[in-house]
Number of protein chains: 2
Amino acid sequence: MFQNFTSPSSPDQGPARLAALRVWMDEQTLNGFIVPRADRHQGEYVAACDERLSWLTGFTGSAGFACVLEDIAGVFIDGRYRLQVLDQVADVFIPVHWPETQLQDWLIIKAQPGAVIGFDPRLHTVSQIETLRDRLTASGITLRACPNGVNAIWRDRPGPPLAAAWSHPESLSGEAAANKARRIGADITALGADAAVITLPDSLCWLLNIRGSDVPRTPIVQGFAILSSSGAIALFGDPAKFDSLEFSENVTLMGWGAFEAYLSKFKDRMLIDPASLPQAALQALEQGAVKILRGTDPCALSKACKNTTELNGSRAAHLRDGAAMVNFMAWFDGADPSNLSEIDIVRKLEGFRAATNVLHDISFDTISGSGPHGAVVHYSVTHETNRKLDSDSLLLVDSGGQYHDGTTDITRTLPLGTPSLEMRQAFTRVLQGMIAISQVRFPKGLTGRDLDSLARAPLWAAGQDYDHGTGHGVGSFLSVHEGPQRLSRATDVPLEVGMILSNEPGYYRAGAFGVRIENLIVVQPAPNLPDGDDRAMLEFETITLAPIDLQLIEASLLTVREKEWLNAYHQEVHAKLTQLLDATTAQWLANATAAI
Amino acid sequence: MFQNFTSPSSPDQGPARLAALRVWMDEQTLNGFIVPRADRHQGEYVAACDERLSWLTGFTGSAGFACVLEDIAGVFIDGRYRLQVLDQVADVFIPVHWPETQLQDWLIIKAQPGAVIGFDPRLHTVSQIETLRDRLTASGITLRACPNGVNAIWRDRPGPPLAAAWSHPESLSGEAAANKARRIGADITALGADAAVITLPDSLCWLLNIRGSDVPRTPIVQGFAILSSSGAIALFGDPAKFDSLEFSENVTLMGWGAFEAYLSKFKDRMLIDPASLPQAALQALEQGAVKILRGTDPCALSKACKNTTELNGSRAAHLRDGAAMVNFMAWFDGADPSNLSEIDIVRKLEGFRAATNVLHDISFDTISGSGPHGAVVHYSVTHETNRKLDSDSLLLVDSGGQYHDGTTDITRTLPLGTPSLEMRQAFTRVLQGMIAISQVRFPKGLTGRDLDSLARAPLWAAGQDYDHGTGHGVGSFLSVHEGPQRLSRATDVPLEVGMILSNEPGYYRAGAFGVRIENLIVVQPAPNLPDGDDRAMLEFETITLAPIDLQLIEASLLTVREKEWLNAYHQEVHAKLTQLLDATTAQWLANATAAI
């Protein structure tokens with residue numbers, strides 16, 4: 001369940017593995033081969049057998065890919081991994097800054113006209129391949145679907161995950177699986193289709209009310225499904241994993257191998273989501289007489305809008321998780337930071353969450369960034385990077401738990417010694433942005449894009465900003481990063497009642513310190529106001545419960561209304577958590593939530 | 001120059017004219033004909049000869065169209081004109097709520113499969129016709145380009161506007177026309193084209209440094225142009241209008257009639273803007289061997305980003321216009337409102353602007369809305385609607401001037417008697433939204449969409465909102481509504497230095513009152529701040545100068561920072577305008593701009 005702080009790849013093996021891959025390419029008459037980090041489900045986490053990118057190159061980041069040509073091999077990494085990749089890959093691999101440099105542009109420069117680049121069509125989406133093909137049209141470079149070259153040369157490749165799936169009961173999901181299938185089936189009909197392909201595991205798990213242990217941190221079981229408009233489901237996966245489950249009679253279980261054959265025989269109107277469907281599935285469909293409709297995964301929006309049972313579960317999880325956080329924060333407040341390292345922080349916090357006795361897993365690797373490490377937005381501490389906590393600085397802790405009733409994700413920034421005025425001012429502006437989202441009422445129909453700026457305006461006023469979205473969707477005992485809901489300039493999805501999102505503005509001063517404050521929030525209908533218009537409006541309910549450090553707040557920067565929010569929030573935190581704490585910690589919480 | 005408060009259409013003539021159009025349709029073997037409000041330049045104002053929609057139907061709104069079938073005739077009008085249309089059209093015309101009902105959907109219900117609908121391809125854009133054709137594909141209804149049926153039956157149709165164009169000197173435009181042509185020509189090359197079609201008159205006038213009197217309120221001369229990548233310009237229009245101008249040698253003047261022939265012989269790569277190009281021009285191009293590139297009008301963005309000379313001109317115009325506004329407001333403050341009508345207000349304000357002795361025209365018909373009329377967003381007073389000013393209510397005055405050095409647009413909401421607490425609270429929230437935009441700093445690259453919510457959040461907090469954008473672009477002695485810059489959810493154009501926009505949140509309580517406060521603002525680089533990031537940021541310079549009524553402000557709702565803005569703004573208004581006022585008015589201004 002817990003982190004081991006190692007970098008599991010073997011960069012020293014890179015040159016030999018690269019050479020072996022090139023021999024394979026030559027046998028296949030390929031001039032290149034693309035190795036993505038993703039598996040066929042396009043999720044954030046992959047199983048050990050799918051860690052092809054790190055096996056080949058040494059690079060262990062959560063996004064990116066390699067493209068191997070005959071005389072050069074590029075590892076494409078985004079801004080988060082610019083430094084990490086230098087430590088992890090041998091110099092036969094050339095880091096390429098992505099998305100600034102797109103694969104097609106790199107290929108046009110590095111490959112010869114006439115070059116044939118292989119790719120495994122099960123690991124790339126329809127959109128990816130179509131975009132790449134489109135942009136390579138004029139270059140004379142072509143793409144060829146082929147077997148997976150890394151599979152071919154990876155002799156001791158682990159087997160696929162085998163752990164059994166389990167039922168996620170209606171007492172937690174709030175809706176019978178058969179009902180979900182009928183409901184989404186009706187949506188498919190309304191879209192003019194007869195069936196839809198489901199390849200996202202969290203959609204599959206939501207639809208079938210099941211969970212599993214196929215990847216770390218996210219309790220999913222992998223599989224594909226064809227959901228018919230009638231509600232019938234053809235489920236493709238490893239039958240052994242589903243042995244103990246009793247599906248209702250609308251579900252027919254088949255092996256992985258039957259999936260593409262099934263698609264190739266499908267004759268009616270099939271809804272696909274090109275952003276997630278493997279290119280291989282489209283190829284299979286196109287062998288038959290199917291009419292293809294393009295859209296988005298039909299489960300995604302329903303999954304995002306949690307029902308009352310799921311929301312109550314999430315509130316219960318946040319109560320429990322909040323108590324664990326308070327135990328951690330109270331312990332930290334009394335500890336001597338000069339004796340502590342970033343890893344100590346992670347372990348201690350894991351311990352408090354484990355002590356709830358119902359923690360299934362952490363929901364992602366804890367970010368424990370002291371001083372300058374706090375400015376690394378996705379910092380992941382290892383034994384190599386671990387450092388003693390700084391004095392007179394900040395500690396940024398971003399963590400979460402997977403509980404059967406809900407997924408949590410919380411960031412608190414804590415003081416070390418006596419943080420500077422600059423740090424406190426930045427903390428206060430970040431808090432103002434977080435409060436702006438917490439307090440906002442807005443007309444129904446708006447998207448997270450329309451709210452994102454409200455969280456930034458206090459930082460903008462000081463000439464500051466942060467280079468990530470303000471919030472992401474969060475699942476219900478599923479992925480801690482869930483679509484389609486977001487608070488970000490990169491979304492056009494209207495916010496709907498029941499969506500859970502994070503609210504996490506930040507500020508990062510490279511080489512110095514980082515600030516982030518994160519609560520989870522739920523979209524709720526806003527009650528009518530006496531002088532208000534006759535228009536439907538929404539607001540956010542905050543479900544994360546943990547104090548926000550008062551020592552870091554420059555109260556003179558806050559408006560009356562901001563102080564009112566903070567005091568009311570702290571009052572709620574105190575009222576709800578006290579009963580779950582021992583007397584000493586309860587007293588600590590009373591102080592930590594005193595009105596300002 | 002000034003308003004005459006009449007409704008110039010003849011609704012009683014509607015039935016006979018409709019019958020005549022149907023006879024013409026029959027002769028042409030058409031089952032329908034579309035009559036748009038637009039002329040071939042797609043501007044907001046049209047010349048008398050282009051007032052086909054109002055001539056046929058009686059409807060005088062600034063947007064909309066009619067579609068005449070053999071047994072029904074629909075007049076498509078947007079939310080602004082729901083009531084007005086009922087008074088203006090005879091009952092042979094059926095009002096259709098648009099865009100809620102789209103033309104294609106109405107046609108599919110009202111026309112028979114096989115119906116042929118005529119349209120004048122000079123009056124519809126490429127995008128309009130392509131969208132309509134696309135959506136009618138499955139219906140069996142077809143569109144046919146044809147001569148204009150209204151022209152055919154309108155016996156006493158006025159001739160085209162004849163007034164001479166004049167040169168807009170470099171002392172006002174800040175850049176020689178030949179230089180603009182070379183610069184935009186280079187942009188056309190960079191876009192991969194050899195020439196571009198310019199059909200928007202404000203682009204043409206900007207490009208050639210000319211102005212004219214072809215339509216009311218906007219000082220444009222109508223014409224088309226082909227701008228080559230070399231900077232050569234083929235200008236098509238009425239040669240007599242251009243007689244007195246001395247174009248530089250890159251300009252070749254031709255008559256209107258030569259335009260389509262010229263296009264049909266063009267052989268290279270032509271850039272067109274499908275959102276404004278008449279369908280007839282595309283048809284002409286397609287007769288030749290041209291390669292068509294689609295994009296946006298290549299002048300639009302450069303025109304929107306005003307140079308130093310244009311900005312200085314605009315500041316001078318706003319100084320003058322602000323003094324006229326203060327004279328008006330001081331007069332109003334001393335007048336007995338019970339003796340005044342909405343039309344009196346318009347005339348008085350026109351008089352103060354005219355007294356500057358350099359007013360070219362008003363920039364649009366003044367909106368003078370007392371009491372419930374203030375809630376009609378685009379209210380246009382006529383002798384029929386004119387009413388005495390309400391007591392204990394609000395007067396909304398939205399007006400502007402066209403001066404040779406700049407275009408102004410300002411809204412102030414003024415108290416009548418003792419406005420209610422509800423009105424003052426709404427006024428204050430609108431002011432808070434306007435201040436939020438006035439004060440915001442934001443990273444370069446953002447669009448008006450990313451800022452729009454900042455102006456609404458104070459109203460949202462009270463359950464209120466307004467159903468229009470927060471701001472539109474404004475031209476330099478050109479259109480008071482200029483693209484592509486906007487503050488609105490309907491834009492994806494990044495804000496750039498030199499753009500002039502309006503900042504005009506509002507609040508409207510139907511049947512009761514309306515509030516709007518509007519200043520014009522200029523996008524400017526924001527200076528670096530001591531603790532700020534190393535990132536380019538922008539801010540707004542406010543150029544409108546007139547006090548905001550202090551009696552309507554509930555000061556307790558304002559934050560310290562909002563009060564600081566208001567006091568600093570009023571101080572600037574006072575400092576800049578006092579010298580332009582007589583002693584009594586200067587004293588009035590001193591009181592009106594006192595610090596709160």
Side-chain angles (χ1 to χ4, degrees), chain A residues 420-426 429 432 436-437 439-467 488-489 492 507-510 512 526-539 556-562 565, chain B residues 420-426 429 432 436-437 439-467 488-489 492 507-510 512 526-539 556-562 565:
Chain A
S420 67
L421 176 65
E422 182 190 10
M423 293 173 188
R424 296 199 311 276
Q425 286 175 333
R429 289 186 200 108
Q432 290 179 291
I437 297 294
Q439 287 190 313
V440 71
R441 289 172 65 99
F442 57 97
K444 198 166 184 307
L446 267 59
T447 73
R449 175 171 180 173
D450 300 313
L451 304 182
D452 181 77
S453 293
L454 299 175
R456 299 177 191 271
L459 285 162
W460 289 349
Q464 302 174 339
D465 198 4
Y466 49 95
D467 292 323
S488 153
R489 286 201 289 276
D492 273 310
Y507 180 69
Y508 311 94
R509 178 68 56 101
N528 286 336
L529 293 179
D531 280 340
D533 299 349
D534 179 24
R535 63 175 88 225
M537 299 190 85
L538 301 173
E539 63 184 8
S556 63
L557 294 180
L558 297 184
T559 65
V560 172
R561 218 173 145 243
E562 287 164 344
W565 182 88
Chain B
S420 68
L421 176 65
E422 183 191 9
M423 293 172 189
R424 296 198 311 276
Q425 286 175 335
R429 288 186 200 107
Q432 289 179 292
I437 297 294
Q439 287 191 313
V440 71
R441 289 172 64 99
F442 57 97
K444 198 167 184 307
L446 266 60
T447 74
R449 173 170 183 175
D450 300 313
L451 304 182
D452 181 77
S453 293
L454 300 174
R456 299 176 192 271
L459 285 162
W460 289 348
Q464 303 174 338
D465 198 5
Y466 49 95
D467 292 322
S488 153
R489 287 202 287 276
D492 273 311
Y507 180 68
Y508 310 94
R509 177 68 56 101
N528 286 336
L529 293 178
D531 279 342
D533 298 349
D534 181 22
R535 65 175 88 224
M537 299 190 84
L538 301 174
E539 63 184 8
S556 64
L557 293 179
L558 297 184
T559 65
V560 172
R561 217 172 147 245
E562 288 165 343
W565 182 88

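What you see below is based on every heavy atom in this structure, not just the backbone, and it leaves out hydrogens, waters and symmetry mates. All chains are named by letter (A, B, ...) in the order of the sequence lines, taking the proteins before the strands, and each is independently numbered beginning at 1.
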K.L.:
Is B:L446 close to chain A through its backbone or its side chain, or both, or neither, when contacts mean heavy atoms under 4.5 Å?
P.N.:
side chain
K.L.:
Taking the side chain as everything from C-beta on, heavy atoms only, tell me whether B:R509 gets closer than 4.5 Å to B:Q464.
P.N.:
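Counting from C-beta outward, B:R509 and B:Q464 do come under 4.5 Å.
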K.L.:
Hey, which of A:T447, A:T559, A:D465 has the most heavy atom pairs under 4.5 Å with chain B?
P.N.:
A:D465
K.L.:
Using non-hydrogen atoms and a 4.5 Å limit, figure out which bit of B:A457 sits close to chain A: side chain, backbone, both or neither.
P.N.:
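Looking at B:A457, just its side chain touches chain A.
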K.L.:
Of all of B:A426, B:A462, B:P527, B:A436, which one pairs up most often with chain A through heavy atoms under 4.5 Å apart?
P.N.:
B:A462
K.L.:
Looking at B:D467, B:V440, B:L459, which has the largest count of heavy-atom pairs under 4.5 Å with chain A?
P.N.:
B:D467
K.L.:
Could you go step by step and tell me if B:Y507 and A:D533 meet the side-chain hydrogen bond (donor to acceptor under 3.5 Å, both in side chains) rule?
P.N.:
CA-CA 10 Å; B:Y507 180 68; A:D533 299 349; 2.4 Å; yes
K.L.:
In chain order, what residues pass the salt bridge (charged side-chain N to carboxylate O under 4.0 Å, His left out) check against B:D531, with sequence neighbours excluded?
P.N.:
none
K.L.:
Is it the backbone or the side chain of A:D450 that comes under 4.5 Å from a heavy atom of chain B, or both, or neither?
P.N.:
both
K.L.:
Between B:Q425 and chain A, which part of the residue has a heavy atom less than 4.5 Å away: side chain, backbone, both or neither?
P.N.:
side chain
K.L.:
So what's closer than 4.5 Å to chain A heavy atoms on B:R456: side chain, backbone, both or neither?
P.N.:
neither
K.L.:
Salt bridge or not between A:R449 and B:D492? Use side-chain N to carboxylate O under 4.0 Å.
P.N.:
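Salt bridge: yes.
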K.L.:
Of the listed residues (A:G532, A:A526, A:P530, A:P443), which shares the most heavy-atom pairs with chain B below a 4.5 Å separation?
P.N.:
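Max contact count across the listed options: A:P443.
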K.L.:
Could you list the residues that satisfy salt bridge (charged side-chain N to carboxylate O under 4.0 Å, His left out) with A:R429, not counting sequence neighbours?
P.N.:
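For A:R429, no residue satisfies salt bridge (charged side-chain N to carboxylate O under 4.0 Å, His left out) once neighbours in sequence are set aside.
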K.L.:
Taking the side chain from A:R441 and the backbone from A:E539, do they hold a donor-acceptor pair closer than 3.5 Å?
P.N.:
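Not a single qualifying donor-acceptor pair exists.
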K.L.:
Would you give the length of the straight line joining atom NZ of B:K444 to atom CZ of B:R535, rounded to the nearest 0.5 angstrom?
P.N.:
14.0 Å
K.L.:
Given a strict heavy-atom distance threshold of 4.5 Å, which part of B:Y466 is in contact with chain A: side chain, backbone, both, or neither?
P.N.:
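Backbone of B:Y466 only, per the 4.5 Å heavy-atom cut-off to chain A.
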